[in-house]
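Contents: one structure, followed by commentary.
Keep in mind it's a predicted model, so treat the numbers as computed, not measured. Order of listing sets the numbers, starting from 1, for every ligand and every atom in it.
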Amino acid sequence: MRRRTHVLAIDQGTTSTRAIVFDPQGRPVATAQRELRQIYPADGWVEHDPEGIWSDTVSACRDAIARARLTADHIAAIGITNQRETTVLWDRGTGRALHYAIVWQDRRAAALCRELVAAGHEKAVQAKTGLVIDAYFSATKLAWLLDNVPDARRRAEAGELAFGTIDSFLLWRLTGGRVHATDATNASRTMLFNIRTQDWDDELLSLFQVPRAVLPEVHDNAHEFGVTDKILFGAAIPITGMAGDQQAATFGQACFQPGMIKSTYGTGCFALLNIGDKPRTSKHRLLTTTAYRLNGKPTYAIEGAIFSAGATIQWLRDGLKIIKTAAESETLARSVEDSAGVYLVPAFTGLGAPHWDPEARGTILGLTRDSTSAHIARAALEAVAYQTRDLMEAMAADGGARPQALRVDGGMVANDWLCQMLADMLDTPVERPKVIETTALGAAYLAGLTAGVYPSVEGVAEAWQRDRRFEPAMPASTRARLYEGWQKAVRRARGVAR
Ligand SMILES: Nc1ncnc2c1ncn2[C@@H]1O[C@H](COP(=O)(O)OP(=O)(O)O)[C@@H](O)[C@H]1O
Ligand SMILES: O=P(O)(O)OC[C@H](O)CO
């Protein structure tokens, strides 16, 4: 047997599935990627085909290992990271999903959430889970599946079905149906998990009418979850790390000290502020979540979740067709001096934190006969900065100290113009690391820590390297004027679908 030196990270995101091989120094050496088909069966509904996710995962892993000129014998460990909340219900016997996965962005459970809020459950649910009642989380998606897939509830109660977020589903498949487990970060996004006791909660299970028999076991993020079926990659590989993608990015960004904050810009945008080992409840509709759990000890974060960041750029490309590639958004934004009063509120699937309005819808305001596609593209990028500012304002109002810097990552931060706009709108330096695939890196670190490839959490912090720092340069009066216009635009976008 050859020496097992490398770590393979699987990053199953909303729009694509990536497999990245990292070397013993934590450097990415080979990547393979598959685009994921988005299924929109009705207004506000979003689904994924679990079989597509599975076949993409296997083929991307095989490609990445081959591109690194390695074989499975060289891979010491696999780390899994994933789009969170997205809900799969499958048959324990056949391993087949009973329905397409209901994606985190899907709003079909909005009415049920409204009923739960009206019945006065919001406070108790938030105290236990750190989450606000919203269709975003898994519990009401699972309730929908149990109520709408024929015979699902009876079969779930009889122990024939398994529920999982994408991590669990992939783990089940990778281990040949032997392991049904998840990790504390993914569990924290289901709305069935008590983040204080770090366990599934009977009161929540009864509120959402979820039978315990469908639930996976919950483990630390660095843990020996199982080994892959030999048949998949030619040799069995241990799976020793797992985390939701935003928490994996927090780990990959080495935000280990309270007060450190990262924001990831992929399909959505998610800012996580490390708050240490004591959970506290936000008074401004931010989420409290498990950032990571190591050796049974949870570290918590306050999270702000925005539903559309890169998704807006995809819409410029595929819907409006004003750009051919995402990178062209930067050229267009730079081609005009300002957005000339145009604001784009990308509430395609409602608004997340801190508004939580499932009935808000996308809105473009301030158009004149002089408006061009460049103004719209610029407004789309600016919206990402404004929304991040909304989150930072809520964090500050919650008593959080002003961060010294915001560490950014995700596909969108290749855009220098956006990074500068972020620094300007937040009046805070923005730091971009050398590895912007921080999500995959975090998963690789978690797996590599368990497998002994990476020595320690301190080592991870030391390995973090900055690519570029963007300093705020916008005059305060401009910042204030632009942000005021944004707040007005948000008010117009709210409740449109009501
Ligand atoms: N240069 C760019 N400027 C703006 N947006 C970009 C750029 N490059 C990629 N994106 C956007 O980033 C997103 C991809 O980021 P990624 O981290 O891969 O997302 P996810 O993990 O959610 O699938 C896409 O929505 C794409 O439109
Ligand atoms: O696929 P991403 O990277 O946009 O992340 C999705 C989030 O995990 C949803 O909560």
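Closest heavy-atom approach to atom 9 (C) of ligand 2 among the candidates Gln12, Gln83, Glu85: Glu85. When Asp245, Thr267, Thr289 are checked for heavy-atom proximity to atom 2 (P) of ligand 2, Asp245 turns out nearest.
The aromatic rings of Phe225 and His223 stand perpendicular to each other, their planes meeting at an angle above 60°, with 30° marking the opposite boundary.
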Checklist entry - Checking salt bridge (Lys or Arg N to Asp or Glu O under 4.0 Å) for the pair Glu471/Arg469: CA distance, chi angles, key distance, verdict? => result CA-CA 6 Å; Glu471 297 290 346; Arg469 184 175 159 108; 2.6 Å; yes
Item to check | Intermediate values then yes/no, side-chain contact (heavy atoms from CB on, under 4.5 Å), Val457 and Tyr292 | outcome: CA-CA 12 Å; Val457 172; Tyr292 47 90; over 6 Å; no
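Sorted by chain and number, the heavy-atom contacts of ligand 1 below 4.0 Å come from Thr14, Thr15, Ser16, Arg18, Gly266, Thr267, Gly310, Ala311, Ile313, Gln314, Ala326, Ala327, Ser329, Gly410, Gly411, Met412, Asn415.
A centroid separation of less than 6.0 Å is found between the aromatic rings of Trp104 and Phe270.
Under 4.0 angstrom from ligand 2, the non-hydrogen atoms of Gln246 all belong to its side chain.
For the pair Lys141 (side chain) and Ala135 (backbone), a donor-acceptor distance under 3.5 Å is present. A distance-only check finds a donor-acceptor pair linking the side chain of Thr240 to the backbone of Ala447 [under 3.5 Å].
Taking only nitrogen or oxygen atoms, main chain and side chain alike, Arg84 reaches within less than 3.5 Å of ligand 2. When only interatomic distances are considered, the shortest N/O to N/O separation between Asn82 and ligand 2 does not fall below 3.5 Å.
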Residues 49-57, side-chain donor-acceptor partners within the protein, below 3.5 Å, at least two apart:
unit_1 : atom_1 : unit_2 : atom_2 : d
Asp49  : OD1    : Glu51  : N      : 3.0
Glu51  : OE1    : Arg173 : NH1    : 3.2
Glu51  : OE2    : Arg173 : NH2    : 2.7
Ser55  : OG     : Glu51  : O      : 3.1
Ser55  : OG     : Gly52  : O      : 3.3
Thr57  : OG1    : Ile53  : O      : 2.6

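Note on ligand 2: Gly268 sits in its first shell, one or more heavy atoms being nearer than 4.0 Å.
Scanning all heavy atoms of the two residues, the minimum distance from Met395 to Gly304 falls at CE-N, 4.1 Å.
The cationic atom of Arg280 (NZ for Lys, CZ for Arg) does not lie both less than 6.0 Å from the six-membered ring centre of Tyr300 and within 45° of the ring axis.
The CG atom of Leu116 sits 11.5 Å away from the CG atom of Asp134 when rounded to the nearest 0.5 Å.
The Gly13 neighbourhood of ligand 2 comprises atoms 1 (O), with distances under 4.0 Å to a heavy atom of that residue. The distance from ligand 2 to the heavy atoms of Tyr136 drops below 4.0 Å at these ligand atoms: 9 (C), 10 (O).
The protein atom (non-hydrogen) at minimum distance from atom 1 (O) of ligand 2 is Thr14 OG1, 2.5 Å.
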